[in-house]
Amino acid sequence: MKVGFALVLLWSLPITNVLAELPQPQNLTLLTLNTQYVLTWDWDQTTTGNSVSFTVEYMAKYKMKMKKNWSRVCERTTRTRCDLTGSNLRYLGVYVLRVQASADGVNSDWVNKDFCPHKNASLGPPSRVEMAPVGNLLNVTISDPLTSTQHSMKEHVFYLDYRILYWSRFDDPQGLKPKVLDSSNNLVTLPELEAWTWYCVMIQSRYDYYNKTSSYTEPQCMQTEGDTPYGQIFLYFLVSMMVCFLLVLLSSYAFFRFYRVLKNTFYPSIQLPAHIQEYLCDSSPGSDMPRLLTADSEAELCCHKLTICSEVVLLEIHVLPPLTAPPSELGQDSDRHICQDSGDSGICSTEGGSTQQGRSCGEPIRTDQEVDSWQTLAQAKMEEMGRDVIS
Ligand SMILES: *[C@@H]1O[C@H](CO)[C@@H](O)[C@H](O)[C@H]1NC(C)=O
Ligand SMILES: *[C@@H]1O[C@H](CO)[C@@H](O)[C@H](O)[C@H]1NC(C)=O
Ligand SMILES: *[C@@H]1O[C@H](CO)[C@@H](O)[C@H](O)[C@H]1NC(C)=O
Ligand SMILES: *[C@@H]1O[C@H](CO)[C@@H](O)[C@H](O)[C@H]1NC(C)=O
Ligand SMILES: *[C@@H]1O[C@H](CO)[C@@H](O)[C@H](O)[C@H]1NC(C)=O
C-alpha cells in the first residue's frame, strides 16, 4: 500500500513538472499617462507556438490577506499587453497586478507586479496652452492635464505645478537658452517682454511630491503688441494721413496764390507804355519797383522833356517862313532873336545859346527890352500875314 502510494507520487511528479513547464511572462511594465494604465510584458515566442494566451488580474493590495477573488481584466488575450484604464483603479490605491500565460491547456505561474498610480503613473503635459498678447506682455492660459474621463488631474494629485520655458524667436530661434518660470496658476503673464516681438512657449507639468515631470508641450509662438492696441494705431494712421493731405492741399493752394501774385507783379498782363517803363528803370536804378508816387523833383524834370511845344513850334514854322524873308526895316538883328526850331528839341534859344527851360515856346520870348519894339512889330506883321493866309 505504501509502495503503491509512493509509485503514484513518483508517477504524478513528472506530470506536475510538465504542467509547470510553461514559462512565465517576463518584464512586466506599466505604460502610464495620467490615469491611463497599460500593462505590458515580454514573451519568448520560441518556447511555444503561436497558440499562447494570457490572463491579467488585479486586486487591491490590502485585500490580499483576506483571500478575496481577483478581478479579471484581460482573459486569454493573445497580445502581450492589457489596458487597465477602464478598471477604475483608484489613483491613491495600491494594487497587485498579475499575469498568467496559457498554452495547450497548460497554465504558467502567475507573475505579480505592485502598482500604485499615485506613485508609479506618469504625469501628462498640459492638455492645452493658449497665448494672448496683453500690450507688450503675453498671457498664457494653461489647461490642466486630463484624466481618461476628461477631468482635471488636480482631482487626483495634491498640487500641480507648471514650468514655463519661453524665449524670443528673434534672439534665440532654436530656443536653446530659454527663460524659466515656475507657476502653480493656470493664467500666467510672462514678464519682461519686448513689444512687437514673437515669443515661443513650452510648458511642463510637475508633481514634486513624487518628482514627477511631464514632457513639454509643443512650442507655441505669439507676437506681443505695443502699449497701444491695433485699433488705436490704425486710428492714428488715418488721422495723420488726413492731416498730411490737408497740409499738402493748403500749401499747394498757397503756392498757387503766391505764384499768381508774383506773376502779376513782375509780368503784368497790362504792360506800361514803353517810355514810362524806360523812365522807371532809368530814374531809380536801385530798385525794381515802380515809383510813380515818389521823386517829385524828378517828375518836374520830366515835365520839361515833354514836347508840348512841338505843335506850337510847328505852327510857328508854318507861320515863320514869310518872316524869314524879313522886311527891310528889321535889319540883320532879326536872325539872332528868332524863335527857331533848333533840331527836334523844340527848345527856344537866343543868340547866346542859353536855353530857357521850362517855358513853352508859344509865349513871347523876352530877351531884352530893346527887342520888345521889334517883337511888337513882328507880331503885328505876323497877324497881318495870318489874316492874309486865312482870307
Ligand atoms: C526582459 O528584459 C531584459 C532586459 O531588458 C531582456 O534582456 C530580456 O530579453 C527581456 N525578456 C524577454 C522575454 O524579452
Ligand atoms: C469568488 O469566486 C468564486 C468562484 O469563482 C465565486 O463563487 C465567489 O462568489 C467570488 N466572490 C466574490 C466576492 O466575487
Ligand atoms: C511602482 O513603484 C514601486 C516603488 O517604487 C515599484 O516597486 C513598482 O515596481 C512600481 N510599479 C510599476 C508598475 O512601475
Ligand atoms: C492677463 O493675465 C493677468 C494676470 O496674470 C490678468 O489679470 C489679466 O486679466 C489677463 N488679461 C487677459 C486679457 O486675459
Ligand atoms: C526628487 O528628486 C530630488 C533631486 O532630484 C531628490 O533629492 C528627492 O529625494 C527626490 N524625491 C523623491 C520623492 O523621489
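The chain is numbered in sequence order, starting from 1. Keep in mind the model is a prediction, meaning the values are calculated, not measured. Every number for a ligand or one of its atoms is a count from 1 in the order of the listing.
- For atom 3 (C) of ligand 3, the closest non-hydrogen atom on the protein side is Asn120 ND2, 3.5 Å.
- Checked by atom type, the side-chain pair Gln100/Arg98 shows no donor-acceptor distance below 3.5 Å.
- Separation of atoms OG1 (Thr40) and CG (Asp42) is listed at 7.0 Å; rounding is to 0.5 Å.
- In this structure, atom 14 (O) of ligand 1 has a protein heavy-atom contact shorter than 4.0 Å.
- There is a side-chain donor-acceptor pair under 3.5 Å between Lys154 and Asn186.
- Scanning all protein heavy atoms for the shortest distance to atom 12 (C) of ligand 1 gives Asp42 CB, 3.3 Å.
- In this structure, atom 9 (O) of ligand 4 has its sub-4.0 angstrom surroundings free of protein heavy atoms.
- Remark: Trp41 CH2 to Thr29 OG1 distance equals 10.5 Å, nearest 0.5 Å.
- The nearest heavy-atom contact from the protein to atom 2 (O) of ligand 4 is Asn139 ND2, 2.4 Å.
- In this structure, Gln223 CD and Tyr199 OH are separated by 10.5 Å, a value rounded to the nearest 0.5 Å.
- Proximity to Leu30 (heavy-atom distance under 4.0 Å) selects the following atoms of ligand 3: 13 (C).
- For the residue pair Ser148/Thr35, the side-chain donor-acceptor check at 3.5 Å is satisfied.
- Asn27 ND2, 1.2 Å is the protein heavy atom nearest to atom 1 (C) of ligand 1.
- Close contacts of ligand 3 with Lys119, meaning ligand atoms under 4.0 Å from a residue heavy atom, involve 4 (C), 5 (O).
- Below 4.0 Å from some heavy atom of Gln26 lie the following atoms of ligand 1, by number and element: 11 (N), 12 (C), 13 (C).
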Using ring-ring contact (aromatic ring centres under 6.0 Å, His included), reason through Tyr207 and His118 one step at a time and then give a plain yes or no. CA-CA 10 Å; Tyr207 184 44; His118 185 226; 5.5 Å; yes
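- Looking only at protein heavy atoms, the nearest one to atom 4 (C) of ligand 4 is Thr189 OG1, 3.4 Å.
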